[in-house]
Engineer: 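Take a look at the following structure, please.
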Amino acid sequence: MRRRLVAAAVVAALVTGLAGCGIPETTGVRVDGPGPAPNYRGGTGVAQAPPQRSAAGSDPQTFAVAYLEAAAGELGGAVERVREFIAPEGQPDLRDKPGPDAQVNVVRLTESPRVTANADGTSTVNVSVQQIGIITRSGAIDPPVATTDHYSFTVGRVANNPGLFVLKPPPVVLLSTEAFGKYYQPRTIYFWNGDQTGLVPDLRYLPRSVPNELQATEVLGWLAAGPSGSIRSITKGLPEGTVPIGNAPVTDGRLVVNLSAQAVPTGDDAELNRLAIQLAWSLRLDLPDTDELELKIQNQTRTTLVAGERFQQDPVYEVAPVAERYTVYAGQVRRLNDPGEPAGGPPPIAPEANTGVQSAAIIRTGEISSVALVTAAGDRSQLQVGASTGAVRIFRPTGAGFASMGRPVWLRTTDPRGPVGLVVADGRLYQFGVAAGLTEVELPGTAGPVTGVAPALDGHRIAYTAGNRLYVATLMVTGGLVEVAAHRQLTTSLTDVSAVAWTDENRLVTAGLKSTRLALVDITVDGLLESWLDEDVPATQVTNISSYPDNPVTRPNFARLMYEASGVAWYRHLTNAEQIDSTEVAGVGPGDTAPEATVPTAPFFVY
């Protein structure tokens with residue numbers, strides 16, 4: 001029987017959409033999340049804007065929370081919305097100037113604002129924060145500029161004016177992450193990779209104050225402005241000079257997009273088709289029920305497409321409707337049975353090669369299965385790789401053994417040379433291919449040993465853990481070699497971060513410590529939104545995480561996870577985590593010869 005761990009957080013948010021929970025009473029991770037998952041249908045329906053000062057209440061703590069949300073909304077008016085909360089004599093203390101390039105510092109509150117009453121009737125508010133980043137005019141979150149972890153400001157009354165004011169403000173504009181759950185809708189737009197063979201997601205945040213009928217127009221402006229800094233080095237923006245012409249209305253059941261002539265400078269059909277596909281993916285939330293998109297160039301209709309058909313054709317995002325679950329049991333890769341699902345076949349590994357296995361990864365490209373096995377080589381670990389249209393019988397060792405080696409992973413690419421894999425060994429990241437051979441992947445600017453790596457569905461991004469910190473990076477694969485183009489450290493409330501996996505295009509699950517307890521946290525790829533998954537994992541360390549991510553082509557399937565914690569395999573779906581035991585391993589029965597104490601380890605998905 002499985003041993004069940006019931007999640008202690010409000011994890012039903014994964015089903016209903018994460019909702020802002022306000023500011024916590026204690027330090028720790030919170031549900032900061034927005035409404036529906038990015039790029040799944042369903043607009044806000046209601047324009048929402050933060051309260052004005054007059055509606056912020058007379059309680060200093062409630063007022064302080066409202067002040068930290070006042071900048072939410074259209075960036076050009078952020079400074080003015082904040083200034084409305086500040087008494088006239090205190091406004092010179094705010095250094096930031098109004099305008100479309102205002103610097104708004106997004107911060108995560110690590111505890112409730114601490115309010116101290118002063119003898120003169122004012123109150124001093126102290127706020128402890130983590131710096132998350134800067135929100136841009138195109139709704140992206142750039143890395144933070146500020147480094148301080150504490151702000152204070154004074155709240156009080158002004159003669160002949162009702163309500164409270166900020167008398168002495170912080171010198172910069174602050175916006176709490178809690179505000180994003182209330183006043184922003186996450187949106188994903190897409191840009192073609194450098195060789196225009198696949199689309200790369202780009203996470204943005206759209207103010208809920210933008211009316212539904214104008215949201216597509218806003219997104220078109222983002223596309224025209226180009227990729228965010230997080231993916232700029234590996235993607236192509238729209239041709240220079242491309243601008244939307246007018247708004248993007250729904251007419252006769254079609255979303256009509258009109259762009260300037262620069263959008264298709266050569267005018268050829270391939271260029272037009274790529275643009276139409278990029279628009280369809282980026283405007284998914286704005287498409288009518290018919291999924292029809294009409295693209296005009298300089299007021300002339302050039303093409304009309306049914307977007308849903310194009311989504312299904314994208315090879316990068318082909319995710320099988322049913323994921324196969326595997327584990328390592330008694331030194332062999334074995335399939336895990338799923339209740340209610342038909343029994344699957346054995347792993348694509350010949351029995352004589354399926355011995356001494358410590359961890360594994362499998363990817364299918366057409367009819368070819370590529371398999372990477374970490375096997376015992378004396379007191380060391382060695383990676384072996386093979387590929388075949390049937391069961392893989394021949395495995396090539398990649399070279400010398402290592403004292404420690406993590407679970408390998410495969411990048412999902414369309415490279416004709418075959419798939420590319422990544423593995424962590426002795427604290428360093430290496431790449432390999434079906435012809436074996438390990439090549440170290442340089443991670444510039446990363447401090448400390450690497451402990452985990454996970455590839456994104458698009459094949460152009462990875463997340464990794466190193467030096468107890470969490471990072472995301474963009475990749476270029478040139479001539480079969482992996483190069484990290486850019487990387488970014490994410491701010492999380494966890495310490496001692498040890499493992500990571502992707503749960504959809506823009507979300508990660510990572511493991512680490514909250515105080516002294518081991519926890520799993522869901523976090524966006526920009527570090528902005530966090531939510532608990534499990535906050536008290538009964539183990540000392542999570543050594544690897546595998547996920548069956550949400551399929552961006554279809555509706556959400558609510559990502560499933562498997563992970564290994566202190567040598568024990570767990571399966572997590574929706575709100576519960578359950579230990580995987582030997583009764584779930586395919587073929588285990590009375591005649592099985594595994595030692596009685598054998599437990600499944602190193603679980604992973606194939607999809």
Side-chain angles (χ1 to χ4, degrees), residues 2 7 11 14-15 37-40 201 311-312 314-328 333-345 347-348 359-365 369-372 407-412 419 421-422 452-459 461-463 499-511 520-523 525 531 533-534 542 544-565 569-580 584-586 600-607:
R2 291 178 177 176
V11 217
L14 286 177
V15 181
N39 260 15
Y40 295 117
F311 301 150
Q312 298 291 348
D314 193 311
V316 174
Y317 291 100
E318 288 179 354
V319 177
V322 177
E324 302 170 31
R325 297 194 305 142
Y326 291 93
T327 189
V328 174
V333 178
R334 303 281 285 269
R335 188 156 187 151
L336 287 168
N337 295 320
D338 274 308
E341 296 287 348
S359 64
I362 301 170
I363 190 171
R364 292 190 176 92
T365 308
S369 295
S370 299
V371 181
R407 186 177 61 82
V409 295
W410 291 104
L411 289 175
R412 295 169 64 85
L422 298 170
V453 63
L457 274 174
D458 54 80
R461 299 174 298 164
I462 59 170
V500 64
W502 295 74
T503 57
D504 73 12
E505 294 177 294
N506 293 311
R507 300 189 82 94
L508 309 167
V509 166
T510 190
L520 291 176
V521 167
D522 178 281
I523 187 170
V525 292
S531 62
L533 294 183
D534 293 326
V542 173
N544 74 72
I545 308 173
S546 179
S547 72
Y548 172 50
D550 274 353
N551 185 340
V553 175
T554 60
R555 296 189 67 81
N557 55 36
F558 309 116
R560 292 183 285 170
L561 302 174
M562 294 193 293
Y563 56 92
E564 182 179 331
W570 293 81
Y571 174 56
R572 189 181 195 289
H573 186 40
L574 298 181
T575 61
N576 295 323
E578 299 176 337
Q579 183 178 333
I580 302 170
E584 299 171 67
V585 178
T601 59
F604 64 99
F605 289 96
V606 177
Y607 48 83

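All values reported here derive from a predicted model rather than from experimental measurement.
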Engineer: Determine the minimum heavy-atom distance between S546 and F605, stating which atoms define it.
Structural biologist: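 Scanning both residues completely, I find the closest heavy atoms to be OG-N, 3.1 Å.
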Engineer: Got a second to check how far D504's CG is from L457's CG, nearest 0.5 Å?
Structural biologist: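 If we round to the nearest 0.5 Å, D504:CG and L457:CG are 8.5 Å apart.
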Engineer: Please identify each residue that fulfils side-chain contact (heavy atoms from CB on, under 4.5 Å) with S370, with sequence neighbours left out.
Structural biologist: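 Applying side-chain contact (heavy atoms from CB on, under 4.5 Å) to S370 gives I363, I368, A387, W410, P419, V434.
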Engineer: Would you call the rings of Y548 and Y607 parallel, tilted or perpendicular, taking 30° and 60° as the class edges?
Structural biologist: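 Ring orientation of Y548 relative to Y607: tilted.
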Engineer: Minimum heavy-atom separation for P408 to A361, with atom names?
Structural biologist: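 Heavy atoms only, the tightest pair is O-CB, 3.2 Å.
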Engineer: So do the side chains of W570 and V542 get within less than 4.5 Å of each other, counting heavy atoms only?
Structural biologist: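 They are not in side-chain contact.
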Engineer: Compare every heavy atom of I462 with every heavy atom of P455, then report the nearest pair and how far apart it is.
Structural biologist: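 Heavy-atom minimum between the residues: CA-CG2, 4.1 Å.
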Engineer: Is S547 reaching over with its side chain to a backbone N or O of A501, donor-acceptor style, under 3.5 angstrom?
Structural biologist: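 Pair absent, no side-chain N/O of S547 close to backbone of A501.
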Engineer: Would you give the length of the straight line joining atom CG of D550 to atom CZ of R507, rounded to the nearest 0.5 angstrom?
Structural biologist: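 Going from CG on D550 over to CZ on R507, the span is 10.0 Å.
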Engineer: Taking all heavy atoms of R407 and all of S359, pick out the closest pair and write down the distance.
Structural biologist: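 Minimum heavy-atom contact is CA-OG, 3.4 Å.
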Engineer: Would you give the length of the straight line joining atom CG of D522 to atom CG of L508, rounded to the nearest 0.5 angstrom?
Structural biologist: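 These two atoms lie 8.0 Å from each other.
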Engineer: Using side chain to side chain contact (heavy atoms under 4.5 Å, CB included), reason through T327 and I580 one step at a time and then give a plain yes or no.
Structural biologist: CA-CA 9 Å; T327 189; I580 302 170; 5.6 Å; no
Engineer: May I ask you to test the M562-N544 pair for a side-chain heavy-atom distance under 4.5 Å?
Structural biologist: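 Not in contact.
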Engineer: Dump the intermediate steps for side chain to side chain contact (heavy atoms under 4.5 Å, CB included) on I362 and F604, then the final yes or no.
Structural biologist: CA-CA 9 Å; I362 301 170; F604 64 99; 4.0 Å; yes
Engineer: Please assess L520 against Y563 for the test side chain to side chain contact (heavy atoms under 4.5 Å, CB included), listing each intermediate value before the final yes or no.
Structural biologist: CA-CA 10 Å; L520 291 176; Y563 56 92; 3.4 Å; yes
Engineer: Are R325 and Y571 in a cation-pi contact, defined as NZ or CZ under 6.0 Å from the six-membered ring centre and within 45° of the axis?
Structural biologist: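 Positive - R325 is close enough to the ring of Y571 and near enough to its axis.
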Engineer: Is there a donor-acceptor pair under 3.5 Å between the side chain of R572 and the backbone N or O of L533?
Structural biologist: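 Yes, R572 side chain to L533 backbone: donor-acceptor pair under 3.5 Å.
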Engineer: By side-chain contact (heavy atoms from CB on, under 4.5 Å), which residues pair with V328, not counting sequence neighbours?
Structural biologist: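 By the side-chain contact (heavy atoms from CB on, under 4.5 Å) rule, V328 matches V357, T601, A602.
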Engineer: Please round to the nearest 0.5 Å and tell me the distance separating atom CG of D338 and atom CD of E584.
Structural biologist: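 Spacing of CG (D338) from CD (E584) equals 8.5 Å.
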Engineer: Please report the shortest heavy-atom distance between N506 and P201, naming the atom on each side.
Structural biologist: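 Heavy-atom minimum between the residues: OD1-CB, 4.1 Å.
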Engineer: Side chains of V606 and R364, heavy atoms from C-beta outward: is any pair under 4.5 Å?
Structural biologist: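 They are in contact (side-chain heavy atoms under 4.5 Å apart), so the answer is yes.
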Engineer: Which heavy atom in R335 sits nearest to a heavy atom in Y326, and how many Å separate them?
Structural biologist: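 Closest pair (atom of R335, atom of Y326, distance): NH1-OH, 3.5 Å.
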Engineer: Set out, in order, the CA-CA distance, both residues' side-chain angles and the distance that settles salt bridge (charged side-chain N to carboxylate O under 4.0 Å, His left out) for E505 and R461, then state yes or no.
Structural biologist: CA-CA 10 Å; E505 294 177 294; R461 299 174 298 164; 5.9 Å; no
